[in-house]
Novice: 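Pasting a structure here, questions to come.
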Amino acid sequence: MHPDLEHLIQLQGLDLAIDRARRRIAELPAAQQALEARLAERVGSVAGVKERIGTGQAARRDVEKELAAVQGRLSKYKGQLMELKTNKEYQAMQKEMAVAEHDVRAHEDKLLEHMEHAETFAAELKAAEAALKTEQADVSKAQRALDAERAELERELERVTTARGALIAQVPREALMLFERVAHGRKGIAVAEARDGLCTLCHVRLRPQKFNEVRRNDGLHQCDSCTRILYFVPPPSTGGAARPS
Ligand SMILES: [Zn+2]
């Protein structure tokens with residue numbers, strides 16, 4: 001194979017590797033953000049439950065205060081009961097006491113409800129905190145994996161960039177310019193295999209004369225359709241002539 005053609009095929013491989021590494025590196029910040037969002041969601045759940053607990057406790061304290069007031073009223077009535085002079089006053093007071101007793105029971109029921117809610121909230125908090133702890137472990141593991149991946153990609157990028165520099169030093173300027181021009185117009189892919197008389201990237205049939213030239217791999221031949229630089233991979237030798245090197 002012509003050395004320029006061989007070098008351009010290698011160059012294509014390196015450019016694709018550089019492109020892959022750069023794309024993946026560009027994806028990493030979003031992946032990190034997604035992890036942080038996962039964690040923030042769990043932190044938000046815990047805060048939400050704590051807020052409900054706080055609201056519940058404040059409401060419970062209000063009920064306790066009201067209950068104490070009603071109980072105070074009731075015992076005051078009981079104290080006054082003996083001092084009443086008339087039957088009418090006595091009946092009126094009993095009515096007041098019945099209302100107050102009803103009030104006490106209603107407040108006691110409310111308190112019970114609050115205590116039940118508090119138990120549910122406590123269980124929810126425990127579950128939310130356990131979920132947060134698990135998520136924290138998962139997220140920091142995933143973050144370490146992403147950090148390691150980034151370091152590996154950066155090493156790979158440096159390695160491939162160095163190899164590219166060494167490679168292009170061996171390629172004549174015109175060949176390199178042709179490669180860059182075609183790559184620029186063809187989404188970074190400047191070389192294509194020709195197989196069965198076709199360009200395998202644009203799938204256009206080559207003129208027989210062109211395909212015969214390409215099969216020799218003896219220079220830089222471009223696809224008439226997509227302008228990519230064509231190369232030919234000889235079929236594996238099946239006992240015939242030895243494959244030319
Ligand atoms: Zn083509």
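Counting starts at 1 for both ligands and their atoms, following the listed order. The figures that follow rest on heavy atoms only: side chains count, while hydrogens, waters and symmetry mates do not. This is a predicted model, so every value here is computed, not measured.
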Novice: Pairing donors with acceptors under 3.5 angstrom, does anything connect the side chains of Asn217 and Glu6?
Specialist: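 Short answer, no.
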
Novice: Could you pull out all residues at least two apart from Glu154 that satisfy side-chain contact (heavy atoms from CB on, under 4.5 Å)?
Specialist: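 So Glu154 forms a side-chain contact (heavy atoms from CB on, under 4.5 Å) with Ile25, Arg150.
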
Novice: Which other residues belong to the hydrophobic cluster containing Ile189, where Ile, Leu, Val, Met, Phe, Trp and Tyr are joined when side-chain heavy atoms lie under 4.5 Å apart, directly or via other members?
Specialist: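 Reading the cluster by chain and number, Ile189 sits alongside Leu16, Leu201.
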
Novice: Holding to side-chain hydrogen bond (donor to acceptor under 3.5 Å, both in side chains), I want the full list of residues that pass it with Gln209, two or more places apart in sequence or in another chain.
Specialist: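 So Gln209 forms a side-chain hydrogen bond (donor to acceptor under 3.5 Å, both in side chains) with Glu213.
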
Novice: Does any part of the side chain of Gln91, heavy atoms only, come nearer than 4.5 Å to the side chain of Lys95, both counted from C-beta?
Specialist: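 Counting from C-beta outward, Lys95 and Gln91 never come under 4.5 Å.
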
Novice: Evaluate the side-chain proximity of Leu132 to Ser45: yes if any heavy-atom separation is below 4.5 Å, no if none is.
Specialist: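 Result no, sub-4.5 Å side-chain heavy-atom pair not found.
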
Novice: What protein N/O/S atoms are found closer than 2.8 Å to the Zn ion (ligand 1)?
Specialist: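 Cys199 SG, Cys202 SG, Cys223 SG, Cys226 SG, with waters left out.
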
